[in-house]
Amino acid sequence: MRTSTLTCLGLSAVALLASSCAPTDTSETDEARPSLARQCFNVQQVTNFRQGRPDQVFLRVGRNDVYELNGAGGCHSIDFATRLAILPDLGGIGGSRLCTTDWARLVTPGNTSPAETCRVRISRKLTAEEIEAIPAAHRP
């Protein structure tokens with residue numbers, strides 16, 4: 001009985017190894033599928049910002065791009081801010097480049113303190129249709 005168990009385990013391992021070498025469809029790479037590719041920008045390219053929902057911030061990057069950021073716990077002071085600093089969460093190691101799925105901190109002049117900080121995640125780059133669908137009051 002012990003020999004048959006070892007044989008079954010051995011055959012299972014061989015089948016698993018053979019299936020991991022099976023050909024896959026490589027006709028589309030991440031670059032060919034922009035929805036899966038990480039999209040990046042430099043913080044110096046940000047020209048405007050607006051708050052959407054309490055946990056949502058839109059950044060205008062360059063002339064035509066808009067990125068959606070989602071706050072961890074809400075970004076309460078963004079709606080009244082006229083200035084904004086964006087700091088990558090890596091503590092400066094990653095430079096000033098941010099990509100989708102990265103975390104960052106938004107710093108605004110505070111109402112009752114010198115500065116208020118909000119932690120955000122760069123969620124996605126919006127399409128032209130999505131940018132047009134943002135209500136005018138929230139569009140950067």
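Other members of the cluster containing V43 are F41, V46, F49, V57, L59, V61, Y67, L69, I78, L84, I86, L98, L106, V120, I122, with ILVMFWY side chains joined at under 4.5 Å, either directly or via other members.
Every pair passing salt bridge (charged side-chain N to carboxylate O under 4.0 Å, His left out) that includes a residue from residues 59-72 is listed here, sequence neighbours excluded: D65-K125, E68-R124.
Between R83 and P109, the closest side-chain pair of non-hydrogen atoms falls below 4.5 Å. Annotation: side chain of Q44 is in contact with side chain of S96 (closest heavy-atom distance under 4.5 Å).
With sequence neighbours excluded, the residues forming a salt bridge (charged side-chain N to carboxylate O under 4.0 Å, His left out) with R53 are D55, listed by chain and number.
Here R119 pairs with D89 in a salt bridge; the nearest charged N to carboxylate O distance falls below 4.0 Å.
Although no hydrogens or angles enter the test, the distance criterion places no donor-acceptor pair under 3.5 Å between the side chain of T117 and the main chain of V107. Checking side-chain atoms of E130 against main-chain N and O of T127 turns up a donor-acceptor pair under 3.5 Å.
Nearest heavy-atom pair, R97 versus C99, reported as atom, atom and distance to 0.1 Å: NE-SG, 3.9 Å. Minimum heavy-atom separation, T47 to G62: OG1-O, 3.3 Å. The two residues A137 and R50 come nearest to each other via the heavy atoms O-NH1, 3.5 Å. The minimum heavy-atom distance linking G52 with F58 is given by the pair CA-CE1, 4.0 Å.
Rounded to the nearest 0.5 angstrom, E132 CD and L126 CG are separated by 11.0 Å. Summarising the geometry, atom CG belonging to L87 is positioned 9.0 Å from atom CZ belonging to R105; distances are rounded to the nearest 0.5 Å.
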**Message:** side chain to side chain contact (heavy atoms under 4.5 Å, CB included), that's the test. Do R38 and T101 meet it? Break it down for me.
**Reply:** CA-CA 8 Å; R38 288 184 57 169; T101 72; 3.8 Å; yes
